[in-house]
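A, B, ... follow the sequence lines: proteins, then strands. Residue 1 opens every chain. Every heavy atom of this structure was used, including side-chain atoms; hydrogens, water molecules and symmetry mates were not. Computed from a predicted model, the values in this text were never measured in an experiment.
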There are 2 protein chains.
Amino acid sequence: MAEKPAATAAPHSPPAASTAQEGQAKVKAGVVKMDDIARMAGVSKSTVSRALSGSPLVNEETRVRIQALVESHSYRVDTRAQGLRKGQTRTIAVVIPLLHEHDQPISDPFFLELLGHIADAVADHGYDLLLSKIGPGRASGMTDLVDTGRVDGLIAIGQSTAHLGLEQLAARNLPLVVWGAQLADQHYVTVGSDNRAGAERAVSHLIAQGRRRIVFLGQRSVPEMRLRHDGYVAALEAAGITPDPALDVPTRFASAAALTAMRSLLCGGASFDAVFACSDVIAISAIRALQDQGLTVPEDVAVVGYDDIQMAAFYNPALTTVRQDTATGGRLLVDLLFAQIAGRSARSVMLPTELVVRASSGTVSGTTPPAPR
Amino acid sequence: MAEKPAATAAPHSPPAASTAQEGQAKVKAGVVKMDDIARMAGVSKSTVSRALSGSPLVNEETRVRIQALVESHSYRVDTRAQGLRKGQTRTIAVVIPLLHEHDQPISDPFFLELLGHIADAVADHGYDLLLSKIGPGRASGMTDLVDTGRVDGLIAIGQSTAHLGLEQLAARNLPLVVWGAQLADQHYVTVGSDNRAGAERAVSHLIAQGRRRIVFLGQRSVPEMRLRHDGYVAALEAAGITPDPALDVPTRFASAAALTAMRSLLCGGASFDAVFACSDVIAISAIRALQDQGLTVPEDVAVVGYDDIQMAAFYNPALTTVRQDTATGGRLLVDLLFAQIAGRSARSVMLPTELVVRASSGTVSGTTPPAPR
DNA sequence: CTGAAAGCGCTAACAC
DNA sequence: GTGTTAGCGCTTTCAG
């Protein structure tokens, strides 16, 4: 089979003709290269390159001829080669922590919502998005991503326990933005909600409903959760309530873990009239555990979650929760990363949160239609 | 600042020394290349390349020396250049359909669960995963991904309305696997659950509970949903029930859409005693709509969903649903793709489903603890 | 306006 | 065992 069409003989032949002839033969992708197009157009590779990158140095007629050839042969420039030459990748990595030890899948809907917005924003910049689930000892894996020339920058979702690793990356000056809490001594850029204020408002709301014995459900080893705990304590103290350590229940971010934690609290005979959960997923599991014990929400126990995942409004009872704005969060994450890639400096951003009051905290009747997002 | 250390002078100098000296200077990644390592080791680039790829043709002593240099300078081979030369990318793309017209984020937890498993499997193969949200007219975007040399293969999550586009890709012989329904005339490889059988069992279960007027909630334009509808009809007819078109309610995959659909059904005064929803997210929204009307689930209306997302077990009432095994699904998707990349042929796989009976269909009391996944 | 030439960082024949 | 020589497919000076 003739590999290279002898199209050089008729450089100006109508593209349509060659389409019909060659379309069939091209089974495998990438078969036609810039050189081929150049030869067919009767120009040099350089001219094709220029034409394709919209250089003004190219004759209009030539450009049109090249364009036609490109279309008809559905030629596409190889980004890999282009990137190698230009020293860029046009792709950024999003790193999601393994939620825990085992190769448990990413499971919190909140992450997916955020990821979706990040994906949109990255695409708007014309970049690709590499998704990477990295386990403990994340830092080295993340460094690799850029050292091996696979990505131009990194977005980490959740700092979880990797604070030190992230500091190392920042020290190396790699473009990096992380979704999470803004810590005092930190040198990397974060975007996140005002965890302390959000939690404080949620708990104050509970107190305003007449609740006094409020359970904290969350994992304080994660920075964001620690701040939420701070807010919880602050709200309590502002109301003259002394935090009871017995109501501080450590829980990981999985439904099952939350269920277990709640059950053991119930079995322990603790008395409480409200729960502040560090995520909606945790809140939902907690409610389930409560109901299984014959308790009603919000009558016996009022519950507030965090995140406002889509399902929160549809749960029964509809969940009162602290909304984190994933749309602007995602976009901000990406914008700040591109600022760094462009060599500009970026500052951490703390997003305001909004307390969305629904039925689970005892104020709204359960039959009110949930607010559409 | 001296760009290249004059290390050539002392080729065998202890790596530790140079680390200390240079560690500081290397701010930007990728600064040290294979040539540099070669020079420092006093060998040629090829030898370094060989040593690094574990070729047996390299002297043990040389290899050790090179290894040490590589470590101390934390040199990493550039995958981009490597890929260009070797004609591969070691990355595969996962394409998720924009759920609908607007740039709505990916939102169904089911997708995220599947994505998580795919990510694990891809990583196990040592490949990267490019995440791509592609809108209507997906096919061209997908082709691009491989034509521009960015990925070695494609996984599409959900065929939605892109069947024809996928056929085109398959015709071009691009490595491709799609999560979805196995259609009669299709030339691409799919992995998916047995939608027809799954739905049939779910609906039969409802009938066995004494329900006769069962609503179908889903979007039949999507192949998978059409099959589920077939199963729904089959179950009905097997029981001698004539499907009532009034109970066939088209619904997209979003919570809000499902809520609206259900509400208008209720307003229309239709009479029914059960609902079969095409996804758990739809089921949950439907239950919400029912409850808002003062109806109880499962007493007044029994509800069955599809997917068995994590939250299904925690909903109130706990959701009876058709479980799709995302773990083996994800792994299979990836395995079949790699088979194609390796030039082997692959066959579509239809996974069995499992009906998970919980409270929402009226059989189990609501206080039973949900089965852990 | 266009072409020739020199690489981007790496691997793979092919020599020695 | 190791070095030399060609590229992978593209962009970009530098000369016309």
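- Rounded to an integer number of Å, the gap from B:Q88 CD to C:dA12 P is 9 Å.
- Distances shown here put every side-chain N or O of A:S49 at or beyond 4.0 Å from the OP1 or OP2 atom of D:dC10.
- Taking five base pairs at each end of the helix from C:dC1-D:dG16 to C:dC16-D:dG1 and finding the rotation axis that steps the C1' atoms of four pairs onto the next four gives two axes whose angle is 40°, to the nearest 10°.
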Its contact letters, B for base, S for sugar-phosphate only and - for none at protein heavy atoms under 4.0 Å, make nucleotides 3-8 of chain C read BBBBBB
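- Taken from CG in B:L169 to OH in B:Y188, the straight-line distance is 10.0 Å, to the nearest 0.5 Å.
- Per the geometry, CZ belonging to B:R90 stands 15 Å off C1' belonging to C:dT11, to the nearest Å.
- In this structure, B:I37 atom CD1 and C:dG9 atom P are separated by 13 Å, rounded to whole Å.
- If you take CG on A:L131 and CG on A:L115, they are separated by 6.0 Å, rounding to the nearest 0.5 Å.
- Between the CG atom of B:N59 and the P atom of D:dG3 there is a distance of 11 Å, given to the nearest Å.
- By the 4.5 Å heavy-atom criterion applied to side chains, B:Q67 and B:R63 are counted as neighbours.
- Counting any heavy atom pair closer than 4.0 Å across all strands shown, A:S53 reaches no nucleic acid atom.
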When you look at B:Q82 and B:R90, which way does the side-chain contact (heavy atoms from CB on, under 4.5 Å) test go after all the steps?
CA-CA 10 Å; B:Q82 195 177 36; B:R90 293 198 81 80; 5.9 Å; no
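- Within the model, atoms CE of B:M34 and CD1 of B:I37 stand 9.0 Å from one another, a figure rounded to the nearest 0.5 Å.
- Under the salt bridge (charged side-chain N to carboxylate O under 4.0 Å, His left out) criterion, B:D124 pairs with B:R331, sequence neighbours left out.
- Atom C1' of nucleotide D:dT13 and atom CG of A:L57 are separated by 12 Å, given to the nearest angstrom.
- A distance of 11.5 Å separates CG in B:L337 from CG in B:L332, rounded to the nearest 0.5 Å.
- Atom pair B:I66:CD1 and D:dG1:P shows a separation of 14 Å (rounding to whole Å applied).
- Atom-to-atom distance recorded for B:Y127:OH and B:T89:OG1 is 6.5 Å, nearest 0.5 angstrom.
- The structure places CZ of B:R150 at 7.5 Å from OG of B:S132, a figure rounded to the nearest 0.5 Å.
- Following rounding to the nearest Å, B:D78 (CG) and D:dC8 (P) show an atom-to-atom distance of 18 Å.
- In this structure, B:L52 places its CG atom 13 Å from C1' of C:dG9, rounding to the nearest Å.
- A:Y75 has no side-chain polar atom (N or O) that falls below the 4.0 Å cut-off from OP1 or OP2 of D:dG9.
- Nearest-nucleotide mapping onto DNA chain D: of A:V48 and B:R63, the residue sitting toward the 5' end is B:R63.
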